[in-house]
Amino acid sequence: MATCLSLLLTSCASFSVSKRVENANRIAASHDLQRHIFMPPDLSIVSFLRINKPDQIATIYIEGDGYSWINRTTLSSNPTPIDPIGLKLAAIDKSRNIIYLARPCQYVDIKTQPKCTPDLWSSHRYSNLVLSNYHLILNKIRRTYKINKFHLVGFSGGAAITALLTASRDDIASLRTVAGNLNHTELNKRENVSALHGSLDAIKYAQQTRSIPQAHYYGAKDTVIPGWVSDTYVRQLGKRNCSTRIEVPKASHLEGWMKYWKTEWENIPSCG
């Protein structure tokens with residue numbers, strides 16, 4: 001059985017880590033997002049943020065799995081994204097308080113991160129260790145900026161992180177996922193690839209998010225994470241919930257989202 005899921009790959013060829021970092025820095029700087037590194041005890045998480053109104057709600061974007069695999073059977077040595085869709089979506093958002101969070105081991109010198117082992121961008125990408133660090137970061141943001149509520153937006157694998165955070169926090173005002181991997185167990189099973197044995201699966205915690213306003217966007221042309229994935233998640237919520245699924249006709253997994261988000265970022269889900 002193959003050891004990876006090709007959907008987690010970018011379509012680009014070799015692109016050095018330094019160029020990937022430069023690309024992200026350029027995107028952030030052009031949209032007035034300042035680089036910052038959150039340093040919980042276990043993992044350093046790179047962030048780009050713009051805080052114009054402390055004390056008000058903040059929108060948190062969490063990046064996808066990045067350059068996790070070189071090909072279907074070869075694990076990458078560094079998961080820093082070649083095409084950081086999550087960052088590009090955050091850059092489009094004109095909300096007063098924007099905080100983009102990378103995933104563990106992205107944009108950092110892995111040699112200085114003892115816990116940055118390949119399992120963190122493969123089998124354990126949605127593990128308790130990973131989730132605990134995001135919890136600490138959100139708690140830090142609350143204290144530093146006196147922000148008490150968050151809108152969460154997750155792209156691809158980052159959607160799993162946002163959904164899991166939503167399931168276990170009381171300060172999440174809304175949840176949006178874009179091409180979200182919300183049911184990796186069934187997805188990997190259908191793709192006949194190895195299960196993520198060290199990871200939590202968002203769909204198993206869906207019931208705990210049912211009262212949170214949420215929207216799940218899927219691309220009509222997405223063959224990587226097809227629309228049925230978000231459908232299984234929403235069905236798991238049950239009849240009485242505050243969720244909706246939105247098809248984006250021209251979007252695939254990596255294409256079409258930026259154009260769409262230019263007019264969609266301000267449509268924050270609400271109940272009723």
Side-chain angles (χ1 to χ4, degrees), residues 2 4-15 19-20 23-24 27 31 61-74 76 79-93 100 102-103 106 121-122 125-126 152-163 175-193 196 201-203 214-235 243-267 269:
C4 76
L5 193 58
S6 59
L7 62 86
L8 299 171
L9 296 173
T10 66
S11 61
C12 302
S14 178
F15 193 16
K19 288 184 178 180
R20 290 179 244 167
N23 182 47
I27 293 168
H31 291 83
Y61 284 79
I62 298 185
E63 187 58 81
D65 294 335
Y67 190 50
S68 300
W69 297 85
I70 296 173
N71 56 47
R72 195 172 176 85
T73 58
T74 307
S76 168
T80 298
I82 292 174
D83 188 9
I85 303 296
L87 176 57
K88 290 180 177 180
L89 296 177
I92 289 169
D93 196 319
Y100 162 86
R103 299 283 292 285
Q106 295 180 353
W121 56 90
S122 55
R125 66 187 69 163
Y126 317 129
L152 297 185
V153 184
F155 169 70
S156 191
I161 301 294
T162 55
L175 167 67
R176 283 171 287 174
T177 69
V178 177
N181 192 355
L182 299 168
N183 186 355
H184 67 72
T185 301
E186 182 63 24
L187 181 59
N188 286 19
K189 181 179 179 181
R190 293 195 190 189
E191 292 290 326
N192 194 33
V193 298
L196 304 181
D201 196 346
I203 196 169
Q214 51 192 286
H216 304 284
Y217 299 86
Y218 64 96
K221 298 181 180 181
D222 194 343
T223 58
V224 175
I225 302 182
W228 66 259
V229 176
S230 60
D231 183 52
T232 60
Y233 183 88
V234 170
R235 287 175 182 272
S243 70
T244 184
R245 294 174 64 244
I246 300 172
E247 181 183 77
V248 182
K250 296 183 180 180
S252 62
H253 193 63
L254 296 176
E255 298 178 347
W257 292 111
M258 275 65 73
K259 182 178 180 179
Y260 180 77
W261 207 246
K262 286 180 180 179
T263 57
E264 187 64 21
W265 63 267
E266 59 187 338
N267 290 333

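Shown here for L87 and Y100, the closest heavy-atom pair between the two residues is N-CE1, 3.3 Å. Taking both residues in full, the closest heavy atoms of A159 and T177 are given as CB-CB, 3.6 Å, listed atom of the first, atom of the second, then distance. Heavy atoms only, all atoms of each residue included: S76 and P79 are closest at OG-N, 4.3 Å. Closest approach of S122 and L196 over heavy atoms only: O-CD2, 3.7 Å. The two residues R245 and G227 come nearest to each other via the heavy atoms NH2-O, 2.8 Å. Heavy atoms only, all atoms of each residue included: H31 and I27 are closest at ND1-O, 3.1 Å.
A distance of 6.0 Å or more separates the ring centres of F155 and W257.
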Could you give me the CA-CA distance, side-chain angles and deciding distance for L182 and T232, then say whether side chain to side chain contact (heavy atoms under 4.5 Å, CB included) is met? CA-CA 8 Å; L182 299 168; T232 60; over 6 Å; no
Side chain to side chain contact (heavy atoms under 4.5 Å, CB included) between V178 and Y260, intermediate numbers included: CA-CA 11 Å; V178 177; Y260 180 77; over 6 Å; no
Run the side chain to side chain contact (heavy atoms under 4.5 Å, CB included) check on D65 and Y126 step by step: do they pass? CA-CA 10 Å; D65 294 335; Y126 317 129; 3.2 Å; yes
Apply side-chain hydrogen bond (donor to acceptor under 3.5 Å, both in side chains) to R20 and T80, showing your working. CA-CA 7 Å; R20 290 179 244 167; T80 298; 4.9 Å; no
Would R103 and I161 satisfy side chain to side chain contact (heavy atoms under 4.5 Å, CB included), going step by step from the backbone distance to the final call? CA-CA 9 Å; R103 299 283 292 285; I161 301 294; 3.9 Å; yes
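For E247, there are no salt bridge (charged side-chain N to carboxylate O under 4.0 Å, His left out) partners, not counting sequence neighbours. In this view, Y218 satisfies the side-chain hydrogen bond (donor to acceptor under 3.5 Å, both in side chains) rule with no residue, not counting sequence neighbours.
In terms of modelled atom types and a separation under 3.5 Å, the side chain of Q106 and the main chain of Y67 share no donor-acceptor contact.
In the displayed structure, E264 atom CD is contacted under 6.0 Å by more than 12 heavy atoms of other residues, nucleotides or ligands.
Using a 4.5 Å cut-off on side-chain heavy atoms (C-beta onward), K88 and D83 make contact.
Using modelled atom types, one finds no donor on one side chain facing an acceptor on the other under 3.5 Å when comparing S243 with H216.
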